[in-house]
Amino acid sequence: MSYEPVIGLEVHAQLLTKSKLFCACSAHFGAGDNENTCPVCTGMPGALPVLNREVVNMAILAGLAMNCEIRENNVFSRKNYFYPDSPKGYQISQFDEPICVNGRVTFLFENKDQSVGITRIHMEEDAGKSTHHGEFSLVNLNRSSVPLIEIVSEPDIRSATEAGEYLRNLRSILLYLGVCDGNMEEGSLRCDANVSVRKKGETKFGTRVELKNINSFRFVEKAIEYEIGRQVDLIESGQKVVQETRLYDPDKNRTVSMRSKEEAHDYRYFPDPDLLPLTVDREWVGRVSKNLPELPLAKMKRFASEYKIPEYDAQILTQSRPMAEFYEEVAVKSGNPKAASNWMMGDLLRVLNEEKKEITESPISRTQLADLIKAIDSGQISGRIAKKIFEDLTEGPEAATLSKMSVGEVIKTKGLAQVSDTGAIEAVIAKIMAANAEQVSRPAGPADPF
Ligand code: ADP
Ligand code: MG
Ligand code: ZN
């Protein structure tokens with residue numbers, strides 16, 4: 001292919017704070033319609049917003065994890081547009097003074113470290129939700145003013161699969177930090193993709209199209225892939241790509257025009273006079289930085305070198321924090337990190353996949369898996385018996401009872417211990433030979449079929 005795609009992603013992540021961005025209403029999903037509302041988040045005249053400090057903590061943490069510069073001067077601005085589920089007639093966001101700039105997310109892609117630049121991360125409030133019922137529409141403002149961060153990448157991405165990997169890693173970082181639950185289907189993580197194409201070797205970017213409404217992980221790559229093809233076809237047939245916003249239709253796997261550049265909003269941003277400029281001093285950043293956990297890439301590299309497992313395995317084992325903690329405990333307790341990795345990558349992930357379970361619901365505990373490995377390594381049981389015990393514990397008919405026992409108890413109850421006391425084995429052999437003296441005295445012949 002003589003064309004090269006250029007892609008930049010804008011990701012909205014809903015922050016896991018207890019309360020909303022500018023009021024004390026609960027930010028949790030699932031309450032009855034309009035139950036989590038007050039004069040501030042329903043946009044009543046004269047109601048005043050008060051900034052939730054925890055939102056700033058989480059935004060700083062995300063910025064630090066993505067190697068951003070945390071800016072001292074922050075301003076909240078009004079982004080003006082009318083929408084029925086945005087009762088104030090504007091959204092409070094950050095414009096020219098965002099909290100984080102100039103960052104980078106690094107992840108393993110095609111077996112090497114790949115970095116995507118982060119232009120900025122800013123804080124903003126979410127809108128409410130409209131539902132349409134034929135003749136009328138309803139507005140639910142529970143989500144109004146729930147805190148979001150928007151993470152804008154540089155146009156550094158060069159393929160649909162790279163965009164998918166970037167997004168998966170971004171999600172994994174946010175989950176490690178505990179600032180977002182990462183659920184794309186429920187909208188806690190939303191992605192807009194900006195796509196353009198250019199002839200290979202060209203230094204200038206082509207005209208970009210913004211794809212909105214990509215609400216599942218699977219569709220991010222498909223939507224981008226489709227859009228790249230559409231743009232290449234346009235250029236090849238002598239037409240031009242026009243700058244516009246398009247929507248992805250997963251049923252038909254195609255994108256359709258939503259609005260052109262001419263119809264683009266003029267948001268008339270200006271500083272919100274109801275909110276003071278926010279100063280994020282260096283002590284504040286210092287305090288937050290103490291909560292920065294070891295991140296997926298660093299953990300992956302440490303697992304690979306400390307436990308001598310392939311980077312590929314280490315990457316899978318560090319995809320989520322609970323998975324990494326499970327692995328590390330089994331690796332340390334069993335004293336055999338390689339075997340711990342093999343059991344998890346093979347048998348355990350297969351069982352979890354089949355039963356659609358998370359590692360936190362693992363049918364075998366960390367201690368049981370570690371004990372199982374130790375039992376093989378000490379010669380108490382064979383590898384074959386260990387597989388049998390693993391199956392009994394995780395998916396056999398007695399799994400519910402057996403999984404409450406220790407591995408030692410299972411071995412005992414089921415009489416599975418391998419006898420390696422040679423004296424005991426010799427005694428059994430002697431007894432059998434004595435009882436079968438006739439056969440023993442017969443010379444062994446090649447004709448004997450047994
Ligand atoms: P807007 O607010 O209109 O969406 P931004 O300046 O915030 O515009 O840019 C949005 C995204 O578009 C960024 O992620 C950026 O990397 C990406 N982008 C900019 N130019 C191009 C281009 N020519 N091709 C692909 N992506 C681009
Ligand atoms: Mg945009
Ligand atoms: Zn409220």
Side-chain angles (χ1 to χ4, degrees), residues 3-12 17-28 31 34-44 47-52 55 66 77 79 81 87-88 91-96 98 101-105 116-122 124-128 140-147 150-160 162-163 166-167 170 190-199 202-212 214 220 223-224 227-228 231 235 241-246 258-261 263-267 269:
Y3 288 88
E4 173 183 61
V6 171
I7 302 154
L9 299 187
E10 294 164 272
V11 175
H12 285 90
T17 53
K18 290 198 183 73
S19 55
K20 294 186 179 181
L21 181 47
F22 298 115
C23 61
C25 292
S26 167
H28 290 280
N34 291 305
E35 265 177 28
N36 293 342
T37 57
C38 74
V40 175
C41 56
T42 52
M44 294 298 159
L48 290 173
V50 177
L51 178 62
N52 179 348
V55 173
M66 296 175 202
S77 293
K79 181 178 181 179
Y81 60 96
K88 296 192 293 295
Q91 176 194 23
I92 306 177
S93 181
Q94 290 190 288
F95 183 51
D96 47 359
V101 291
N102 295 334
R104 158 174 42 84
V105 168
V116 170
I118 299 296
T119 315
R120 56 187 275 147
I121 302 177
H122 65 254
E124 63 183 26
E125 58 181 348
D126 207 346
N140 181 350
L141 295 176
N142 281 348
R143 212 180 59 189
S144 167
S145 215
V146 159
E150 178 172 347
I151 304 157
V152 181
S153 90
E154 289 287 300
D156 287 347
I157 301 164
R158 293 291 174 269
S159 70
E162 189 189 345
Y166 162 76
L167 191 62
L170 193 71
R190 288 166 245 167
C191 174
D192 298 342
N194 296 271
V195 181
S196 65
V197 297
R198 63 180 172 188
K199 280 256 166 67
E202 182 74 60
T203 48
K204 264 180 52 199
F205 290 151
T207 306
R208 78 172 150 121
V209 161
E210 184 177 27
L211 303 178
K212 281 205 180 289
I214 318 177
V220 173
I224 294 173
E227 183 57 25
I228 293 169
Q231 293 185 14
I235 297 170
V241 175
V242 291
Q243 189 175 336
E244 61 180 348
T245 301
R246 297 177 72 86
M258 179 179 147
R259 60 168 177 259
S260 67
K261 193 185 176 187
E263 299 162 86
H265 296 296
D266 173 4
Y267 294 121
Y269 280 100

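Indexing begins at 1, ligand by ligand and atom by atom, following the structure's order. All values below come from the heavy atoms of this structure, side chains included, with hydrogens, waters and symmetry mates left out. One-based numbering along the sequence shown.
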Q) Under a 4.0 Å heavy-atom limit, does Thr207 contact ligand 1 with its side chain, its backbone, both, or neither? A) neither
Q. How does Val152 reach ligand 1, if at all, at less than 4.0 Å between non-hydrogen atoms: by side chain, backbone, both, or neither?
A. side chain
Q. Can you tell me if Glu10 and His12 form a side-chain donor-acceptor pair at under 3.5 Å?
A. no
Q.
Out of Glu10, Glu210, Arg208, who is nearest to atom 6 (O) of ligand 1 when you count heavy atoms only?
A. Arg208
Q. Just which atoms of ligand 1 are under 4.0 Å from any heavy atom in Val6?
A. 24 (N), 25 (C)
Q. Heavy-atom distance under 4.5 Å between the side chains of Thr207 and Val242, does that happen here?
A. no
**Q.** Min N/O separation Phe205 to ligand 1 under 3.5 Å
**A.** no
**Q.** Lys/Arg N to Asp/Glu carboxylate O, Arg190 vs Asp126, below 4.0 Å
**A.** yes
Q) Glu244 and Ser260: side chain to side chain donor-acceptor pair (under 3.5 Å), yes or no, with the steps? A) CA-CA 4 Å; Glu244 61 180 348; Ser260 67; over 6 Å; no
Q: Kindly confirm or rule out a cation-pi arrangement of Lys79 over Tyr267, judged by NZ or CZ under 6.0 Å from the six-membered ring centre and within 45° of its axis?
A: yes
Q. Can you name the nearest heavy-atom pair linking Ile224 to Ala163, along with the distance?
A. CD1-CB, 3.6 Å
Q: If you have a sec, read the angle at the Zn ion (ligand 3) from Cys38 atom SG over to Cys23 atom SG, to 10 degrees.
A: 110°
(Q) Below 3.5 Å, N or O to N or O, backbone or side chain included: is there any such pair between Ile7 and ligand 1? (A) no
Q: Check each heavy atom of Glu154 against ligand 1 and say whether those closer than 4.0 Å belong to the side chain, the backbone, both or neither.
A: backbone
Q: Would you tell me which option among Ser153, Gly206, Ser196, Gly8 has the nearest heavy-atom contact to atom 13 (C) of ligand 1?
A: Ser153
Q) Should Ile121 and Val152 count as side-chain neighbours, where that means a heavy-atom distance under 4.5 Å? A) no
Q | Geometry at the Zn ion (ligand 3) - Cys41 SG versus Cys25 SG angle, rounded to 10 degrees | A | 110°
